[in-house]
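Counting from 1, the numbers follow the sequence of the chain as shown.
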Amino acid sequence: MSRWTLIYDGADPAQAGVREALCTLGNGYFSTRGAPPESSPDGTHYPGTYVAGCYDRAMSTVDGRLVENEDLVNVPNWLPLTFRTGDGDWFEQPDPGFPQRMELDMRRGMLTRTFHVVNDGRTTRVTQRRLVSMDTPHLAALETTLVPEDWSGTIAIRSALDGRVSNSGVDRYRDLNGRHLHVLGTGSNAPGGAWLRCRTLTSGVEVVLASRTRIVQGPAPSSSETLSHEDWVATDLTLDLRIGEQTTVEKTVALYSSRDHAVGNVLDAACGALPEAGGFDELLSRHTTAWRHLWRSCSLNVGSEKEQRALNLHLFHLLQTLSPHTSDLDVGVPARGLHGEAYRGHVFWDELFVLPFLNLRFPETARALLRYRWRRLPQARAAARAVGLKGALFPWQSGSDGREETQRTHLNPRSGRWLPDNSHLQRHVGLAIAYNVWQHYQATDDLAFLSEFGAELLLEIARAFADMAIYDRGLDRYVIRGVMGPDEYHDGYPDREEPGLDDNAYTNVMAVWVLLRALDILRKLPGPLQRDLQESLDLKAEEIERFETITRKMHIPFHEGVISQFAGYEELEELDWEAYRGIRRLDRYLEAEGDSCNRYRASKQADVLMLFFLLPAEEFADILRGLGYAYDPELIPRTVDYYLARTSHGSTLSSVVSIFHPASRS
């Protein structure tokens, strides 16, 4: 392997899911997993295609109760292509007796497979190339080259569009309703052409796939037939091959939805795109040029080839989820990108980790992600009002319209029990959004961005946290109660029935930081704009004064010379880490044993440590001093060491944060 390639030799059913996720191809508009075109969901392979922002709701029965979930929809599968020789069966998998390879070329955004098929006693060598166009975001293509090694004769090739799909890619969701599509029709619009039209069941998004399948090298087909069924359509080509001679089949697909701009009839748009698409090599040339421009803007160089390959892989998948094409869409940052169905494609706070990169290289994409949040400001305001707060309270899990998508119960697959899920109390998602607003402004120096919507977004979040802060006379400080921090192992106190924690240090410090930035914004906006904004928000002088007071009087808990993750943390028991070595999801493990992480000083992921990931030491020190706390230069190293020793890193985000702390590399 080189720094630009990911290569898999041989078949490994146990790792097929990981391989298919890592070999996903996408362009910011849609992505398709790296599953073999001849496969169907069978517990080993899982072909899936996902359109950014295409969600749908479904009802399921859980423990006798109806539960509603919104999912990023697995749309119809455009990949299917198989063949048979003579009277043999349609081939379903490569022959294990021959070498097989899958190679992801990250520089060009292309996936190549080589394998052999033994069908009816005849051996055929197969090479496939696949792309999802970064140049033209509605197009994808699959090229299949066949070489008969020991036979001559008739072959039948079947190229299909399959609407018989559901959301069934995550084990623990499979007992829930994953059906989201109603196929409206199938048909053919041209020789070798086929189309499939469907609509999501509740959100009413129309999705159309149109395909063109043709022979570009080799003998002309002796027959061509379209087989159209209720939810599946195929083009069958029959031709005669000769031993040792190469035949190339080209399948080009256009995908459109009713969410697209400048589209009247979705079916016409999809079918009309194919005559102008060009052949595979032409598509590949334009696609490769688009990728070259992306890499020119964002490539980063590190030391070893292995490290460079890992970095390139991360950047490659980031750009497939959030490309310049994203800037024209109303979408957020799904927790797992457009690579599968984990977390249901919901939007959490992951933009906090990618916007700093996008701000400097693709600022329009970053701004589109912030606009996704701003468009959902009415829902966030309603959520704040529902709990008696001013401003805006953004959901921990967001989807199509910005309502809270977090379930109130979740399944522990280890114990098989459904448990209360209090993660909607992670109010800090709003702090992340405000942080992103400010960082985007700092990177772009664009006052128009603040004036248009950035200032409104940050100020409304600041108002909610100022209102959330309650004055405690005993402490003579403001406190924030009943929340969760980033560490999802702790959602309450072991001796308290009501969920939520008091004075999560990350939440309190970042609330102060956001209030300081709100005050900065009010000073930076020109006088007329400032007055208009305050008037439109009904933001009075006494509320601004409250902002200033809280930035001097917020409570930050400490114990044993370090920052406490939350008030009362020091009263928890130490965990026997040796007994649970290597277990990342301690919460599930302990719950199955009748225990709870709430009893222990054990974190799933970076919580207090997030402060030092986001804030330079000098800025953090200024906040503490502004609050009236003495700052010891050794406080940060002590705190880092303390929590690294008590964190299981049960979230991949935790590792991202921890590698930035020097103590984690010792």
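The ring pair (Phe, Tyr, Trp, His ring centres under 6.0 Å) search around W151 returns none, not counting sequence neighbours. Under the rule for a side-chain hydrogen bond (donor to acceptor under 3.5 Å, both in side chains), the partners of T154 that lie at least two apart in sequence or sit in another chain are D240. Residues meeting the side-chain hydrogen bond (donor to acceptor under 3.5 Å, both in side chains) test with Q426, sequence neighbours left out: H428, E488. The side-chain contact (heavy atoms from CB on, under 4.5 Å) check on P41 picks up Y46, P47, with sequence neighbours excluded. For Y29, the side-chain hydrogen bond (donor to acceptor under 3.5 Å, both in side chains) partners two or more places apart in sequence, or in a different chain, are D260. With sequence neighbours excluded, the residues forming a side-chain contact (heavy atoms from CB on, under 4.5 Å) with D162 are N77, P80, R164, W232, listed by chain and number. When the side-chain contact (heavy atoms from CB on, under 4.5 Å) test is applied to S166, the partners found at least two apart in sequence or on another chain are S168. In terms of the salt bridge (Lys or Arg N to Asp or Glu O under 4.0 Å) criterion, residue partners of D330 (sequence neighbours excluded) are, by chain and number, R375, R376. Evaluation of the side-chain contact (heavy atoms from CB on, under 4.5 Å) rule for T202 yields D56, R57 as partners, not counting sequence neighbours. By the side-chain hydrogen bond (donor to acceptor under 3.5 Å, both in side chains) test, E38 pairs with R113, sequence neighbours left out. Every residue was checked against the ring pair (Phe, Tyr, Trp, His ring centres under 6.0 Å) condition with Y55, not counting sequence neighbours, and none meets it.
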Stepwise, does the side chain to side chain donor-acceptor pair (under 3.5 Å) test hold for W195 with S211?
-> CA-CA 6 Å; W195 57 264; S211 66; over 6 Å; no

Assess whether salt bridge (Lys or Arg N to Asp or Glu O under 4.0 Å) is satisfied between E351 and R373, documenting all intermediate values.
-> CA-CA 11 Å; E351 67 252 47; R373 296 295 193 176; 2.8 Å; yes

Give the C-alpha distance, both sets of side-chain angles, the deciding distance and a yes or no for ring-ring contact (aromatic ring centres under 6.0 Å, His included) between F348 and W396.
-> CA-CA 6 Å; F348 293 73; W396 176 235; 5.5 Å; yes

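Proximity of a side-chain donor or acceptor of H138 to a complementary backbone N or O of L255 within less than 3.5 Å is detected.
No side-chain N or O of H410 forms a donor-acceptor pair with one of Q407 less than 3.5 Å apart. Between the side chains of T326 and T365, no donor-acceptor pair is found at a separation under 3.5 Å. Between the side chains of H180 and D71, a donor-acceptor pair is found at a separation under 3.5 Å. For the residue pair T32/Y50, the side-chain donor-acceptor check at 3.5 Å is not satisfied. For the residue pair E20 and H45, a side-chain donor N or O sits within less than 3.5 Å of a side-chain acceptor on the partner. Side-chain contact of S40 with D42: a donor-acceptor pair under 3.5 Å is absent, judged by distance alone. Counted by atom type alone, N119 and T85 present one or more donor-acceptor pairs between their side chains at under 3.5 Å.
One finds a salt bridge joining D9 and R101 here, because a Lys/Arg side-chain nitrogen approaches an Asp/Glu carboxylate oxygen to under 4.0 Å. Between R344 and E70 there is no salt bridge, since no side-chain nitrogen of the basic residue lies less than 4.0 Å from a carboxylate oxygen of the acidic one.
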Residues 272-285, side-chain donor-acceptor partners within the protein, below 3.5 Å, at least two apart:
{"from": "D281", "atom 1": "OD1", "to": "R129", "atom 2": "NH2", "distance (Å)": "3.0"}
{"from": "E282", "atom 1": "OE2", "to": "R286", "atom 2": "NH1", "distance (Å)": "2.9"}

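Screening Q397, E404, E405 for a side-chain contact (heavy atoms from CB on, under 4.5 Å) with H424, the sole residue that qualifies is E404.
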